[in-house]
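Worksheet: one structure, shown below.
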Amino acid sequence: MARKGWHTQESEGALILARRLPARFDLSVETRLPPVGRKARLAHQVRQDLWRALRSLRGFSPCVSVREVDGATVLRAGGQLDAAAPRALAEARLAAVLHDDDNRRRWLRWSR
């Protein structure tokens, strides 16, 4: 299903949000969160924050995967990279977004 140019795929309890299909995770970072009620809302919020942090990265297109594992939400954020870029710096920015306490509280509140 596409929503304003974003594709959402659900299979086997996992949700993937991407601009282009098939979704590619050339860059990615994972984190665990408490269980959420609305995976799609969580994915869209994370995608927005990723884009804000990495919009200057040429050829970057965000992708977010949300799945439930052992009573927790496993969030994988990253995306497709179509140009040469400093991978370590990009992944450090991704990790900073995912591990920011204010972001995490807002995401959880929004995805209840």
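If you chain together ILVMFWY residues whose side-chain heavy atoms come under 4.5 Å of each other, L21 ends up in a group of its own.
Remark: the backbone N or O of T73 is not paired with any side-chain donor or acceptor of K39 at under 3.5 angstrom. Side-chain atoms of R19 never come within 3.5 Å of backbone atoms of C63 as a donor-acceptor pair (strictly under, hydrogens ignored).
If you chain together hydrophobic residues whose side chains sit under 4.5 Å apart, W107 and L54 fall into the same group. When hydrophobic clusters are built by joining Ile, Leu, Val, Met, Phe, Trp and Tyr residues whose side-chain heavy atoms come closer than 4.5 Å, directly or via intermediates, L108 is grouped together with L50. Put simply, V36 and V74 are part of two different groups of oily side chains (I, L, V, M, F, W, Y) that touch within less than 4.5 Å, one to the next. The hydrophobic clustering, which links ILVMFWY residues whose side-chain heavy atoms are closer than 4.5 Å, places F25 and L27 apart.
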Show which side-chain atoms of residues 84-100 pair as donor or acceptor with protein atoms under 3.5 Å away, not counting sequence neighbours.
residue, atom, partner, partner atom, Å
R87, NH1, D26, O, 3.0
R87, NH2, D26, O, 2.3
D100, OD2, D102, N, 3.1
D100, OD2, N103, N, 2.9

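Residues Q45 and V64 have side chains not in contact (no heavy-atom distance under 4.5 Å, counting atoms from C-beta outward). Side-chain contact between L75 and R104 is absent, with no heavy atoms from C-beta onward closer than 4.5 Å.
In this pair, F60 and W51 present their aromatic rings parallel. The plane angle is below 30°, not in the 30 to 60° band.
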Go through L42 and L15 one step at a time and tell me if the side-chain contact (heavy atoms from CB on, under 4.5 Å) criterion holds. CA-CA 10 Å; L42 174 62; L15 178 136; over 6 Å; no
Go through the steps for H44 and R47 under the test side-chain contact (heavy atoms from CB on, under 4.5 Å), then give the verdict. CA-CA 5 Å; H44 276 284; R47 188 257 323 152; 3.7 Å; yes
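Expressed to the nearest 0.5 Å, how far CZ of R76 lies from CZ of R67 amounts to 8.0 Å. Between the CG atom of D101 and the CZ atom of R106 there is a distance of 12.5 Å, given to the nearest 0.5 Å.
Between D82 and Q80, the shortest heavy-atom distance links the atoms OD1-NE2, 3.1 Å.
Around CZ of R58, the count of heavy atoms belonging to other residues, nucleotides or ligands within 6.0 Å does not exceed 12.
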